[in-house]
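For reference, the structure discussed in these notes is given below.
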Protein chains: 2
Amino acid sequence: MFRGNHPTRVDEKGRLKVPAEFKRRLDELYGPQFFITSKDGKRAELYPMKEWERIEDALAKAPSSGAKKKFLDVTNYYGQVVEMDAQGRLLIPQLLREDATLAGDVAVLGMQTYLVVANDAKHRAQLAENPLTDADIDALGVVGI
Amino acid sequence: MFRGNHPTRVDEKGRLKVPAEFKRRLDELYGPQFFITSKDGKRAELYPMKEWERIEDALAKAPSSGAKKKFLDVTNYYGQVVEMDAQGRLLIPQLLREDATLAGDVAVLGMQTYLVVANDAKHRAQLAENPLTDADIDALGVVGI
DNA sequence: TTCTTAGTGGAAAGAAGTGGAATAAAGTGG
DNA sequence: CCACTTTATTCCACTTCTTTCCACTAAGAA
C-alpha cells in the first residue's frame with residue numbers, strides 16, 4: 001500500500017525521480033515497468049504494470065458501455081508504458097507533461113495501489129475548489145474517521 | 001496487447017510511420033500485412049491480418065442481419081490491405097486519409113488487439129467534449145482506479 | 001569526520017525518424 | 001500493340017532524437 005506525499009522533481013528532459021521510499025516498495029513488489037496515464041489530463045497516474053493489467057482484465061469482463069469506451073479512449077490517449085532506470089527515474093510522456101504541467105517540483109501521492117503525480121500548486125488549488133465535506137465522509141460509512 | 005499512445009506523423013506521401021515500439025511488437029507477433037479500415041470514417045483502425053481474419057470468421061458464423069451488412073459495408077468501403085515497409089511505414093488509403101484527416105501529427109493508440117490512428121487535434125477535441133466523469137468511473141465498478 | 005545513500009546533470013552511443021532519389025509499375029494515347 | 005507519361009513503391013543515406021550510463025554533488029547517518 002502506497003501512502004503519503006513525497007515531493008520530488010521532474011528534470012528538463014522530462015524525467016521523474018521516483019522518491020526513494022516508493023522506489024524501494026516498487027522494486028520489491030513489482031518489476032520496473034509501469035503504465036503512466038491520466039483520467040482527466042490534469043495529473044498523471046502511475047500504475048505498476050501488474051496493477052494496470054488487473055484493471056484491464058476487470059474491464060474486459062465488464063459489459064460494453066459508454067463509460068468503458070470513454071475510459072479506454074482517455075487512458076490510452078494519455079497512457080504509455082514506461083520503464084524506470086537504475087537511477088530510479090522514468091520518462092513522462094510529453095503529452096502528459098504538457099497537459100498536467102509536470103515540470104520542476106511535483107508531488108507524488110501514494111494512492112494505495114498506484115501513485116499520483118501532480119503539479120503541487122495545481123493540486124492545492126483543486127483541493128481548495130472542491131473540498132471534502134462532512135457529507136462525503138458520512139457517505140463512506142467507515143467508523144473511526 | 002497494445003496499449004498507450006505513440007504520437008507519430010503521416011508524411012506528404014500519406015505514409016504513416018509506425019512507432020518503433022508498436023513495430024517491434026507487430027514484427028514479432030504478426031507479418032507485415034494489415035487491414036486498415038474505419039467503422040465511422042473519423043479515425044482509422046489498423047488490424048494485423050490475422051486479427052482481421054479472426055473477426056471475419058466470427059462474422060461468417062453469425063446469422064445474417066442488418067448490423068452485419070452495415071458492418072461489412074462500412075469496413076469494406078474504407079478498408080484496404082496494406083503492407084509495412086522495412087522502414088516501418090505504411091501507406092494509408094487516400095479515402096481514409098481525407099475523411100479521417102490523417103496528415104501531419106497523428107496519435108496511434110493501442111487498443112489491445114488492434115491500433116487506432118487518429119488526428120491528434122480531433123481526438124483531443126472529442127475527449128474535451130465528452131470527458132470522463134467521476135460518475136463514469138463509479139459505473140465501471142472496478143476497484144483500484 | 002567519514003561513509004553511505006539519494007539526487008542530478010550531461011556526454012556518448014545507438015536507435016528512430018525523415019526526405020528524397022532510383023526503380024518499377026500502371027495508365028494513356030497514338 | 002507499342003511508346004510515352006505519370007504515378008507508385010522501394011530503398012538508401014542523412015539527421016535528429018532518445019536512451020543509457022558514468023560521474024559528480026548533496027544530504028544524512030554512523
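Letters A, B, ... are given to chains in the order of the sequence lines, protein chains preceding strands, and every chain is numbered from 1. All heavy atoms count here, side chains included; hydrogens, waters and symmetry mates do not.
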Checklist entry - Hey, does the side chain of T8(B) reach the backbone of P19(B) with a donor-acceptor pair shorter than 3.5 angstrom? => result no
Next on the checklist: I want to verify a distance call: between dG9(C), dC12(D), dA16(C), whose nearest atom is closest to the R24(B) side chain?
Outcome noted: dA16(C)
Next on the checklist: Would a single hydrophobic cluster contain both L95(B) and V116(B), if residues Ile, Leu, Val, Met, Phe, Trp and Tyr are joined by side-chain heavy-atom contacts under 4.5 Å?
Outcome noted: no
Checklist entry - Going by heavy atoms closer than 4.0 Å, what residues in residues 29-37 of chain A are next to DNA chain C? => result none
Checklist entry - Just wondering, are more than 12 heavy atoms of other shown residues or ligands nearer than 6.0 Å to CG in D134(A)? => result no
Item to check | Check: D120(B) side chain, V106(B) main-chain N or O, donor-acceptor pair, under 3.5 Å | outcome: no
Checklist entry - Atom CZ of F22(A) and atom C1' of dG7(C): how far apart are they, to the nearest Å? => result 17 Å
Item to check | Closest listed nucleotide, where the reference is the side chain of R89(B) and the choices are dG10(C), dC12(D), dG7(C) | outcome: dC12(D)
Checklist outcome for this item: Which of Y114(A), F35(A), F2(A) passes ring-ring contact (aromatic ring centres under 6.0 Å, His included) with Y47(A)? Answer is Y114(A)
Item to check | d(CG, L90(A); P, dT19(D)) in whole Å | outcome: 12 Å
Item to check | Helix axis bend for the helix from dT1(C)-dA30(D) to dG30(C)-dC1(D) - C1'-based end axes, five pairs, 10° rounding | outcome: 20°
Next on the checklist: Just the rounded figure in Å: distance from C1' of dT19(D) to CD of Q87(A).
Outcome noted: 11 Å
Checklist entry - Do any of residues 8-16 of chain B sit with a heavy atom less than 4.0 Å from DNA chain C, and if so which? => result R9(B), K13(B), R15(B)
Checklist entry - Would you call L96(A) and Q80(A) a side-chain contact if the rule is heavy atoms closer than 4.5 Å? => result no
Checklist outcome for this item: Partner of L90(A) under side chain to side chain contact (heavy atoms under 4.5 Å, CB included), picked from V117(A), L46(A), D85(A), is L46(A)
Checklist entry - Ion pair present between R24(B) and E21(B), side-chain N to carboxylate O less than 4.0 angstrom? => result no
Checklist entry - Is the closest side-chain heavy-atom distance between L16(A) and I36(A) below 4.5 Å? => result no
Checklist entry - R43(A) versus N119(A): any side-chain heavy-atom pair under 4.5 Å? => result no
Item to check | side chain to side chain donor-acceptor pair (under 3.5 Å) partners of residues 94-108 of chain B, not counting sequence neighbours, each pair once | outcome: R9(B)-D105(B), Y78(B)-D99(B), Q94(B)-E98(B), T101(B)-K122(B)
Next on the checklist: Under 4.0 Å, heavy atom to any atom of DNA chain D: which of residues 91-110 of chain A qualify?
Outcome noted: L91(A)
Next on the checklist: Using the ring-ring contact (aromatic ring centres under 6.0 Å, His included) criterion, which residues pair with F34(A)? Sequence neighbours excluded.
Outcome noted: none
Checklist outcome for this item: To the nearest angstrom, the CD-C1' distance between E83(B) and dC11(D) comes to 15 Å
Checklist entry - Is there side-chain contact between D73(A) and M111(B), with at least one heavy-atom pair below 4.5 Å? => result yes
Checklist entry - Tell me: CE of M84(A) to P of dT19(D), nearest whole Å? => result 16 Å
Checklist entry - Pick the nucleotide of DNA chain C nearest each of P7(B) and A20(A); which residue has the one closer to the 5' end? => result A20(A)
Next on the checklist: From CD of E21(B) over to C1' of dG17(C), roughly how many Å is that when rounded to an integer?
Outcome noted: 16 Å
Item to check | Whole-Å gap separating P (dA15(C)) and CG (D27(B)) | outcome: 15 Å
Next on the checklist: For Y30(A), run the side chain to side chain contact (heavy atoms under 4.5 Å, CB included) check against M84(A), R25(A), M49(A), K50(A) and tell me which one passes.
Outcome noted: K50(A)
